[in-house]
Amino acid sequence: MKLFIASDIHGSAKYCRLMLEAFNRENADKLLLLGDILYHGPRNPLPEEYSPKEVAEMLSAVKQNILCVRGNCDSEVDQMVLPFPILSDYSAVFADGVNIYLSHGHKSVPPLGKDCVYVTGHTHVPLNVAVGEYYHLNPGSVSLPKDGTAHGYILYENRKFVFKTLDGEEYDRLDLNEATGATVKRPVVRRKIVRRRK
């Protein structure tokens with residue numbers, strides 16, 4: 001199963017369009033959205049081509065492929081407009097012997113163990129770190145990346161999580177086929193900053 005994992009669209013029609021182009025290019029089976037779909041939020045600037053209604057319309061074309069968790073900027077009104085259900089604060093996918101737990105990242109971390117990967121959004125900064133017995137990943141933001149990072153996503157297939165820019169350029173990865181286990185004495189951060197192109 002090929003999973004396309006993205007977060008924090010924040011109502012940007014431009015970056016939603018680019019994300020869907022990448023989703024189609026990758027020929028993924030499912031689009032996993034980690035929340036903050038329509039509203040830009042009180043602490044964020046308006047993203048380029050801010051149009052929540054247009055974002056909802058674009059996502060309706062792939063609604064049967066979407067699994068979505070609730071972000072801190074998602075509301076009941078958003079659920080009335082979106083053509084797919086926003087699940088609770090947490091969800092899970094089991095693929096290739098890997099427990100992939102999904103959350104926006106603004107709530108507490110659930111109890112996790114070996115062979116678990118916890119994927120969140122919220123910070124708008126990519127993350128690839130081992131924490132105790134599990135891995136914590138973050139694709140960054142589709143529309144409003146922070147700390148000089150690129151607009152991006154994570155592609156999962158065959159126990160590999162590949163971090164990519166919306167242009168399809170790979171910049172980091174977690175290959176569980178090569179990993180000897182996530183157990184570490186202290187967190188090991190593997191994050192490469194990718195500058196945004198103008």
Side-chain angles (χ1 to χ4, degrees), residues 1-41 43-74 78 81-86 93 100 102-105 119-128 137-157 160-174 191-198:
M1 179 181 292
K2 190 184 281 190
L3 306 174
F4 188 103
I5 307 169
S7 189
D8 297 277
I9 300 169
H10 286 290
S12 171
K14 173 182 177 177
Y15 287 106
C16 182
R17 189 177 310 109
L18 291 172
M19 178 194 74
L20 290 174
E21 287 173 9
F23 174 72
N24 290 324
R25 183 177 65 240
E26 297 285 8
N27 198 26
D29 299 300
K30 293 289 180 188
L31 174 55
L32 309 183
L33 295 177
L34 304 176
D36 286 2
I37 309 301
L38 300 180
Y39 180 52
H40 66 91
R43 294 177 294 181
N44 296 313
L46 280 174
E48 288 184 66
E49 293 183 33
Y50 182 66
S51 179
K53 183 177 179 185
E54 193 175 346
V55 168
E57 289 168 359
M58 283 189 277
L59 292 174
S60 71
V62 293
K63 64 184 178 184
Q64 70 280 359
N65 300 98
I66 294 176
L67 175 67
C68 181
V69 292
R70 184 183 359 261
N72 61 306
C73 292
D74 296 320
D78 296 341
V81 175
L82 290 169
F84 52 86
I86 297 177
V93 174
I100 305 169
L102 310 171
S103 178
H104 182 62
V119 188
T120 64
H122 187 57
T123 64
H124 298 214
V125 178
L127 180 68
N128 181 358
L137 307 181
N138 187 321
S141 174
V142 168
S143 69
L144 295 168
K146 295 182 179 177
D147 291 353
T149 60
H151 305 264
Y153 61 94
I154 295 173
L155 189 68
Y156 170 83
E157 187 176 26
K160 294 176 191 157
F161 294 84
V162 179
F163 291 72
K164 292 186 173 188
T165 67
L166 285 180
D167 295 331
E169 179 185 345
E170 179 182 336
Y171 66 91
D172 200 2
R173 72 171 37 222
L174 169 63
R191 183 184 76 196
K192 180 178 178 184
I193 300 286
V194 178
R195 300 288 169 200
R196 283 179 266 181
R197 294 181 181 144
K198 296 193 178 196

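Please read all numbers here as calculations on a predicted model, not as lab measurements.
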Using side-chain heavy atoms (C-beta onward) and a distance below 4.5 Å, is [X] in contact with [Y]?
X	Y	answer
L102	L67	yes
T123	K146	no
L20	L31	yes
P126	D172	no

Indicate the atoms forming the closest heavy-atom contact of [X] with [Y], along with that distance.
X	Y	result
C16	V142	N-CG1, 4.5 Å
H124	L144	ND1-O, 2.6 Å
V162	R173	CG2-NH2, 3.7 Å
N138	G121	ND2-O, 2.8 Å
P139	V119	CD-CG1, 4.3 Å

With sequence neighbours left out, write down each residue that passes side chain to side chain contact (heavy atoms under 4.5 Å, CB included) with S103, or none if nothing qualifies. Y90, Y118, T120

How would you list, by chain and number, every residue that makes a side chain to side chain contact (heavy atoms under 4.5 Å, CB included) with N72, sequence neighbours excluded? D36, R43, H104, H106, H122

Mind checking what makes ring pair (Phe, Tyr, Trp, His ring centres under 6.0 Å) contact with Y50, not counting sequence neighbours? H40

Set of ring pair (Phe, Tyr, Trp, His ring centres under 6.0 Å) partners for Y153, sequence neighbours left out: F4

Among D74, L59, D78, I9, find the one that has a side chain to side chain contact (heavy atoms under 4.5 Å, CB included) with L38. D78

Let me know which of P52, P47, S141 forms a side chain to side chain contact (heavy atoms under 4.5 Å, CB included) with S12. P47

What's the spacing between [X] [atom1] and [Y] [atom2] if we round to 0.5 Å?
X	Y	atom1	atom2	result
L137	F161	CG	CZ	6.0 Å
F163	L174	CZ	CG	7.0 Å
H10	Y39	NE2	OH	10.5 Å
L18	L166	CG	CG	6.0 Å
L34	I154	CG	CD1	8.0 Å
I86	L82	CD1	CG	5.0 Å

Residues at least two apart in sequence or cross-chain that pass side chain to side chain donor-acceptor pair (under 3.5 Å) with K14, listed by chain then number, are E48

Not counting sequence neighbours, which residues clear side chain to side chain donor-acceptor pair (under 3.5 Å) with S51? List them please. none

So, S143 side chain and D8 main chain: donor-acceptor pair closer than 3.5 Å or not? yes

Show me the pairs that pass salt bridge (Lys or Arg N to Asp or Glu O under 4.0 Å) and involve residues 21-31, at least two apart or across chains. E26-K164

Quick test of your reading: applying side-chain hydrogen bond (donor to acceptor under 3.5 Å, both in side chains), list the pairs with at least one residue in residues 52-65, sequence neighbours left out, ordered by first then second residue. R17-E54

